[in-house]
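For reference, the structure discussed in these notes is given below.
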Amino acid sequence: VSTSIGISVFPEDGQDAESLVKHAHTAMYQAKARGRGCIQFFAPEMNRRATERHELEKDLRTAIAQDQLSLYFQPQIAPGTGQIIGVEALLRWHHPQKGLIPPARFIPVAEDSGHLMVSIGNWVIEKACAKARAWLDAGHPAVRISVNVSIAQLRDEAFPDYVEERLQHYRLPAGLFQIELTESIIMSDIEGAAERVRKIKNMGIHIAIDDFGTGYSSLSYLKDLPIHELKIDQSFVHNILTDLNSAAIVQAIIRMAQSLKLRVIAEGVENQATMDFLAENECEGVQGYYFSEPITPAAFEAQFFG
Ligand code: C2E
Ligand code: MG
Ligand code: MG
């Protein structure tokens with residue numbers, strides 16, 4: 001059993017027992033969000049943030065039905081040949097009043113209510129499969145399409161069956177589909193998660209580790225889990241040219257991936273010099289603004305299948 005404590009103080013945080021307890025409660029949720037076993041004092045902006053999140057969640061519940069979500073696509077390129085070797089689907093929410101809301105802001109809100117994230121995640125898989133099918137039908141070269149998967153989806157027992165069923169529905173070869181999981185998802189001890197990942201792998205779907213190097217430092221899962229690709233986190237890639245340690249870490253990850261016979265992709269490549277460094281070090285794939293930001297399907301088709 002672990003304890004999270006929220007504290008509110010009379011009289012600053014409330015004049016009566018009811019509001020003091022309410023604010024202590026809000027602080028307690030903050031303490032939980034910071035990780036278990038924390039103590040947190042109440043601060044007025046917590047109320048504002050809680051209200052904002054609540055509003056976001058309410059709006060997100062109708063976002064799918066109101067057609068406010070869309071998928072953008074970002075290419076992955078082989079640095080040697082410049083050929084496109086894959087594409088990552090990234091979720092966008094066009095809020096009718098607030099404009100474009102980045103996934104970093106609304107994914108955590110959806111995850112808080114697990115069910116909402118499952119609906120959104122399923123929508124992403126559906127749309128990505130449909131797009132991949134449309135590209136094949138149009139005679140474009142087959143590229144592997146990668147989608148990000150949330151911990152909430154992996155918690156769902158029906159997840160592997162859902163993916164399999166969608167692939168079959170769109171007659172999409174499993175080898176053209178990849179899911180991206182972060183290290184923290186892999187390391188979380190959700191019951192059955194590792195089994196579900198294996199089941200997905202056994203269908204022929206590829207598995208990538210996203211943001212590699214920033215999660216838990218346990219490497220044991222690399223030998224136990226069926227992984228195809230490591231995606232080196234942007235934080236290392238951004239500093240390749242200025243920080244010797246980042247450069248050394250990137251080189252080490254590339255070597256390790258080669259030894260383990262895994263594909264390795266560097267994320268967040270923003271300039272030619274970074275690309276050259278990665279090419280010299282035989283990084284298999286690069287992804288980043290240098291080639292393209294995530295763009296709409298129409299823009300992607302025009303630019304990369306044109
Ligand atoms: P991620 O999967 O690591 O995606 C890469 C993020 O880096 C994307 O941000 C992309 O736009 C950005 N990026 C790509 N190249 C560069 C670059 O050269 N420089 C910089 N500074 N950034 C670059 P985005 O689209 O805002 O997504 C953020 C995160 O939200 C994703 O990180 C992923 O964890 C999550 N996410 C996005 N779409 C989905 C989704 O459909 N499902 C789930 N569960 N998570 C998603
Ligand atoms: Mg990703
Ligand atoms: Mg990433």
Side-chain angles (χ1 to χ4, degrees), residues 33-38 74-88 90 102-105 107-108 111 144 146-151 178-189 193-194 197 206-294:
R34 280 175 46 210
R36 308 275 142 166
C38 283
Q74 189 180 34
Q76 299 169 337
I77 309 281
T81 62
Q83 265 202 322
I84 182 170
I85 55 171
V87 51
E88 179 173 4
L90 292 153
R105 252 184 79 202
I107 296 276
E111 279 177 336
R144 183 178 301 115
S146 207
V147 300
N148 295 283
V149 164
S150 150
I151 191 159
Q178 172 165 274
I179 61 169
E180 298 191 3
L181 305 167
T182 60
E183 292 180 279
S184 40
I185 296 182
I186 297 248
M187 293 305 292
S188 66
D189 49 4
V197 172
H206 286 217
I207 316 270
I209 305 297
D210 207 349
D211 307 340
F212 184 77
T214 56
Y216 295 78
S217 56
S218 165
L219 295 176
S220 61
Y221 71 81
L222 287 179
K223 71 176 168 53
D224 297 332
L225 272 180
I227 287 153
H228 298 85
E229 178 177 303
L230 298 183
K231 299 190 74 180
I232 307 173
D233 190 66
Q234 310 195 3
S235 57
F236 304 119
V237 178
H238 286 158
N239 296 320
I240 274 181
L241 304 171
T242 51
D243 174 32
L244 287 175
N245 288 339
S246 291
I249 289 170
V250 168
Q251 286 171 319
I253 296 175
I254 294 171
R255 296 288 163 271
M256 183 178 71
Q258 287 169 340
S259 306
L260 290 166
K261 305 214 168 11
L262 303 176
R263 260 195 320 272
V264 58
I265 304 271
E267 289 193 87
V269 176
E270 294 183 352
N271 53 54
Q272 173 80 44
T274 304
M275 224 267 296
D276 291 343
F277 176 94
L278 292 161
E280 259 164 50
N281 284 281
E282 291 167 23
C283 189
E284 235 177 298
V286 287
Q287 183 179 346
Y289 295 169
Y290 181 60
F291 305 97
S292 171
E293 288 186 20

Checklist entry - Yes or no on side-chain contact (heavy atoms from CB on, under 4.5 Å) for His228 and Arg144, after CA distance, side-chain angles and deciding distance? => result CA-CA 12 Å; His228 298 85; Arg144 183 178 301 115; over 6 Å; no
Item to check | Glu183 vs Asp211 side-chain heavy atoms within contact, under 4.5 Å | outcome: no
Checklist entry - If every non-hydrogen atom of Ser188 is compared with every non-hydrogen atom of Ile151, which pair is closest and at what distance? => result OG-CD1, 3.5 Å
Next on the checklist: With heavy-atom distances below 4.5 Å as the criterion, would you say the side chains of Leu222 and Met256 are in contact?
Outcome noted: yes
Checklist outcome for this item: So side-chain hydrogen bond (donor to acceptor under 3.5 Å, both in side chains) across residues 245-254, not counting sequence neighbours, yields Asp243-Ser246, Gln251-Asn281
Next on the checklist: With side chain to side chain contact (heavy atoms under 4.5 Å, CB included) as the test, pick out the partner of Leu262 among Ile253, Ile209, Leu230.
Outcome noted: Leu230
Item to check | Donor-acceptor side-chain pairing of Gln74 and Glu88 below 3.5 angstrom | outcome: no
Next on the checklist: Side chains of Ile227 and Tyr221, heavy atoms from C-beta outward: is any pair under 4.5 Å?
Outcome noted: yes
Next on the checklist: Could you tell me if the side chain of Thr182 sits less than 4.5 Å from the side chain of Thr214, heavy atoms only?
Outcome noted: no
Next on the checklist: Looking at every heavy atom in both Ile185 and Ser150, which two are closest together, and how far apart are they?
Outcome noted: CD1-C, 4.0 Å
Item to check | Ser146 versus Glu180, closest heavy-atom pair with distance | outcome: OG-OE2, 2.9 Å
Checklist entry - Taking the side chain as C-beta and beyond, is there a heavy-atom pair between Leu225 and Ile207 under 4.5 Å? => result no
Next on the checklist: Counting only heavy atoms not in Gln83 (residues, nucleotides, ligands), do more than 12 fall under 6.0 Å from its CD?
Outcome noted: no
Next on the checklist: Measuring only between side-chain heavy atoms, which start at C-beta, is Thr274 closer than 4.5 Å to Tyr290?
Outcome noted: no
Checklist entry - side-chain contact (heavy atoms from CB on, under 4.5 Å) between Ile249 and Ile232: does it pass, once the steps are laid out? => result CA-CA 9 Å; Ile249 289 170; Ile232 307 173; over 6 Å; no
Checklist entry - Can you tell me how far CG of Asn148 sits from CD of Gln178, rounded to the nearest 0.5 angstrom? => result 10.0 Å
Checklist outcome for this item: Distance col, row Ile186:CD1 vs Phe212:CZ, nearest 0.5 angstrom, shows 10.5 Å
Checklist entry - Going by heavy atoms in the side chains, are Val147 and Val149 under 4.5 Å from each other? => result yes
Checklist entry - Hey, what do you get for CG (Leu181) to CE (Met187), rounding to the nearest 0.5 Å? => result 13.5 Å
Next on the checklist: Does any part of the side chain of Ile240, heavy atoms only, come nearer than 4.5 Å to the side chain of Leu278, both counted from C-beta?
Outcome noted: yes
Checklist outcome for this item: By ring-ring contact (aromatic ring centres under 6.0 Å, His included), His238 pairs with (sequence neighbours left out) none
Checklist outcome for this item: Heavy atoms of Pro79 and Cys283 approach each other most closely as CG-O, 3.1 Å
Item to check | Pair listing, salt bridge (Lys or Arg N to Asp or Glu O under 4.0 Å) test, anchored in residues 252-264, at least two apart | outcome: Glu229-Arg263
